[in-house]
Each structure stands twice: as C-alpha cells, then as structure tokens.
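Some notes on the structure that comes next.
Numbers here are sequence positions counted from 1. A quick note: this is a predicted structure, and the numbers were derived from the prediction, not measured. Only heavy atoms go into these numbers, but all of them, side chains included; no hydrogens, no water, no symmetry mates.
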Amino acid sequence: MKQFSFSDMNRASGEILEAALIEPVALTKRGKEKLVILTAEQYRKLIGGSHTVAYGLDDAPDAIHAELMTGLDALLEDDHV
C-alpha cells in the first residue's frame, strides 16, 4: 500500500487520488497511518462481507427456526447424530 503524508495531500492530491483508484493509499501524519483512501468498490467489498446474525431458538425468526428444525429432523432421520 502506498503511503503519503498529509502534507503530500496538499501538494499532490491529484496524484494521490489517481493512485487510490489502483490500490488503497494510506495517509500518514508524523509517520503514523491515520487514514486510508480506497475505491467505493473496495469499500463495499470490505463492509459487504459477512453479516452473521446469531439467534437463540426462542428469538429466531419463524423462517430461520423452520429451516433449523428441518435440518435437524433430516440429520436425526439419517442417524448422523
């Protein structure tokens, strides 16, 4: 990942933004990474990953509960448990 300082951003913002279209770019202040610039697509990919939701049997939505019970029934019928 390329790195630029905050001062570089003032002098060469166009170059930095062009670089960020290719790969994420870190902006540093006093030698420490403070910000990362990335494309909208990279950002969506980053946050669009796993959105795992956990439920207990008592609070699971009906569709989730039914799917779980169907799966458990199938396992019990096949003597896998």
Apply side-chain hydrogen bond (donor to acceptor under 3.5 Å, both in side chains) to [X] and list each qualifying residue two or more places apart in sequence or on a separate chain.
X	value
Glu18	none
Thr39	Gln42
Glu67	none
Ser5	Asp8

Set of side chain to side chain contact (heavy atoms under 4.5 Å, CB included) partners for [X], sequence neighbours left out:
X	result
Tyr43	Leu38, Ile47
Glu15	Phe4, Ala12
Ala66	none

| field | Within residues 22-35 or reaching into it, pairs that qualify as side chain to side chain donor-acceptor pair (under 3.5 Å) - sequence neighbours excluded | value |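 Applying side chain to side chain donor-acceptor pair (under 3.5 Å) to every pair that reaches into residues 22-35, excluding sequence neighbours, yields Gln3-Glu33.
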| Tell me, do Ile22 and Lys2 make a side-chain contact under 4.5 Å, heavy atoms counted? |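 In short, these two side chains do not touch, never coming nearer than 4.5 Å.
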| So do the side chains of Leu17 and Met9 get within less than 4.5 Å of each other, counting heavy atoms only? |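 Sidechains of Met9 and Leu17: in contact.
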| query | Near Asp62 CG, under 6.0 Å, is it more than 12 heavy atoms from other residues, nucleotides or ligands? | reply |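 For Asp62, atom CG is not crowded (no more than 12 foreign heavy atoms under 6.0 Å).
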| Closest non-hydrogen atom pair, Val36 against Pro24 |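 Where Val36 meets Pro24 most closely, the heavy atoms are CG1-CB, 4.0 Å.
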| request: Would you give the length of the straight line joining atom CD1 of Ile16 to atom CG of Asn10, rounded to the nearest 0.5 angstrom? | output: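 Answer rounded to 0.5 Å: 8.5 Å.
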| said: To the nearest 0.5 Å, what is the distance between CG on Leu76 and CE on Met69? | reply: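 Going from the CG atom of Leu76 to the CE atom of Met69 covers 8.5 Å.
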